[in-house]
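Labels below follow one simple rule: chain letters A, B, ... track the order of the sequence lines, proteins then strands, and each chain is numbered from 1. Because only heavy atoms are used, hydrogens play no part in the values below, and waters and symmetry mates are left out as well, while side chains stay in.
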Protein chains: 2
Amino acid sequence: MKWDALEEEPCSLARTVAVIGDRWSLLILRECFLRIRRFDDFQASLGITRHLLADRLKKLVRFGVLRKIPYQEAPKRYEYILTQKGLDLYPIIMSIVHWGNVHMVDARGRPLLHEHKTCGKMFDPVMVCSECGAPLSAKHVHVHPGPGARKSSPVHASARERTKRTAEQG
Amino acid sequence: MKWDALEEEPCSLARTVAVIGDRWSLLILRECFLRIRRFDDFQASLGITRHLLADRLKKLVRFGVLRKIPYQEAPKRYEYILTQKGLDLYPIIMSIVHWGNVHMVDARGRPLLHEHKTCGKMFDPVMVCSECGAPLSAKHVHVHPGPGARKSSPVHASARERTKRTAEQG
DNA sequence: TATTGACAGTTCTAAAATAGAACTTATGGT
DNA sequence: ACCATAAGTTCTATTTTAGAACTGTCAATA
């Protein structure tokens, strides 16, 4: 499967992975949320090669996650800021950070702590149901095909069954 | 920067990206949450090359996200199931799916719908503060260095300031 | 006027990762 | 003996990435 084919998959996870599913994009976005905006600042704080950084910024702009804003004329210079679409990535970033906090920290403890300005306390992010507010876990969720589902979706039939059926058909 | 160096970074996001930050790992994990467990089933439903699949499964086992369980002797065969550490990735998966649902679906609509068995309704995942229960947004969160922070962390000083200081020091 | 420095990239080569297909091993069934 | 199932491994060609050097604009300085 080619990289670009991911964007076309009838799967919201695959399409999002097309945007953020590489070594650098999430790290670049982390910097964006920490108010880094300029090329050399990204490069200095991440240690990414300039080539790849240019490529990834271009990709994130193309996907509408970042926007280039001029901050000086002569020579024309731009900085990269998060769009609303980019800001909406915050729950993804936070859930990733939280999993790392729980499962990947060494003996020294967490690199960062998060304070919720609204309530003034140090917090962890919790994912809840939009309808009843209860914390979510995989076993309490049932998946249904939606309007954009493909026929013979992996959701409807196990891969084993699909393999068998394909063999029968072909 | 080498791939393996990510695991050592004093950043929970970077360390998690070392586990899930590639083209395939998240897609493999999606299948795991959809009850796919066996090598050929992963391969058939994802279209990943067998080589890469073997490599990624090995990596996910090494990180303790999946566990190999024998399901038959003679010949000895294993299936891959999520550990608790792997199950804890659920909020990451769901936040990614949700962002894709909001920002990446085409005219046909969502490929999948999620029902919360607890309350019986179709829902979206919402990320809230563990302390006050309010939905989270980036601008209401303040970041502090934790015990595992590195000195001169990117969080304490902007990259621009760090560059200047480095130039002064060196 | 020539030089230096800041900034945002682009270009180059070598190394590493990935795609795609074929092959291997172990076993059970016909 | 032959085929099928399952879980990989091995191979070559292509693509991506790492790392360093280079380019182009402009402002400030010597």
Nearest listed nucleotide, side chain of [X], among [options]:
{"X": "A/D40", "options": "D/dT10, D/dG19, C/dC7", "result": "C/dC7"}
{"X": "A/K68", "options": "C/dG9, D/dC26, C/dA8", "result": "C/dG9"}
{"X": "B/P75", "options": "D/dG8, C/dA26, C/dG9", "result": "C/dA26"}
{"X": "A/Y80", "options": "D/dA6, C/dG9, C/dT11", "result": "C/dG9"}

- Query: Which of residues 52-64 of chain A have a heavy atom under 4.0 Å from DNA chain D?
  - Reply: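 Heavy-atom contacts with DNA chain D come from A/L52, A/R56.
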To the nearest Å, how far apart are [X] [atom1] and [N] [atom2]?
{"X": "A/L46", "N": "D/dA18", "atom1": "CG", "atom2": "P", "answer": "12 Å"}
{"X": "B/Y78", "N": "D/dG8", "atom1": "OH", "atom2": "P", "answer": "9 Å"}
{"X": "B/D22", "N": "C/dA16", "atom1": "CG", "atom2": "C1'", "answer": "14 Å"}
{"X": "B/Q72", "N": "C/dG28", "atom1": "CD", "atom2": "P", "answer": "9 Å"}

- Which hydrophobic side chains are connected to B/V105, either touching it within the sub-4.5 Å cutoff or through other members that do?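 None; B/V105 is a cluster of one.
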- Query: Say you draw a straight line from CZ of B/R77 to NZ of B/K68; how long is it, rounded to the nearest 0.5 Å?
  - Reply: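 The NZ atom of B/K68 is 11.0 Å from CZ of B/R77, to the nearest 0.5 Å.
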- Message: Would you compute the distance between atom OG of B/S45 and atom CD of B/E31 and round it to the nearest 0.5 angstrom?
- Response: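 So the gap between those two atoms works out to 3.5 Å.
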- Query: Thinking salt bridges, do A/R110 and A/D124 make one under a 4.0 Å N-O criterion?
  - Reply: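 So A/R110 pairs with A/D124 through a salt bridge.
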- Do A/R15 and A/E7 meet the salt-bridge criterion of a basic N to acidic O distance under 4.0 Å?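 The answer is no: the pair does not qualify as a salt bridge.
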- Item | DNA chain C: 5'-proximal contact among A/E79 and A/R23 (nearest heavy atom) |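 Result: A/E79.
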- Message: Whether A/W24 contacts D/dT16 is assessed here as follows: a side-chain N or O lying under 4.0 Å from the phosphate OP1 or OP2. Is that the case?
- Response: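 For A/W24, the contact criterion (side-chain N or O under 4.0 Å from OP1 or OP2 of D/dT16) is not met.
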- Task: Tell me whether the OP1 or OP2 atom of C/dA6 has a side-chain N or O from A/Y71 closer than 4.0 Å.
- Result: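 So the side chain of A/Y71 is outside the cut-off, no N or O lying under 4.0 Å from OP1 or OP2 of C/dA6.
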- Item | Closest non-hydrogen atom pair between A/T83 and A/L66, with its separation |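 Nearest heavy atoms, A/T83 then A/L66: CG2-C, 3.8 Å.
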- Query: Considering heavy-atom distances to DNA chain D, does A/R77 or A/R50 have its closest nucleotide positioned more toward the 5' end?
  - Reply: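 Between the two, 5'-proximity favours A/R50.
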Under 3.5 Å donor-acceptor pairs involving side-chain atoms of residues 18-26 of chain A, not counting sequence neighbours:
from: A/D22; atom 1: OD1; to: A/W24; atom 2: N; distance (Å): 2.8
from: A/D22; atom 1: OD1; to: A/S25; atom 2: N; distance (Å): 3.1
from: A/D22; atom 1: OD1; to: A/S25; atom 2: OG; distance (Å): 3.4
from: A/D22; atom 1: OD1; to: A/R56; atom 2: NE; distance (Å): 2.9
from: A/D22; atom 1: OD2; to: A/S25; atom 2: OG; distance (Å): 2.5
from: A/D22; atom 1: OD2; to: A/K59; atom 2: NZ; distance (Å): 2.9
from: A/S25; atom 1: OG; to: A/K59; atom 2: NZ; distance (Å): 3.4

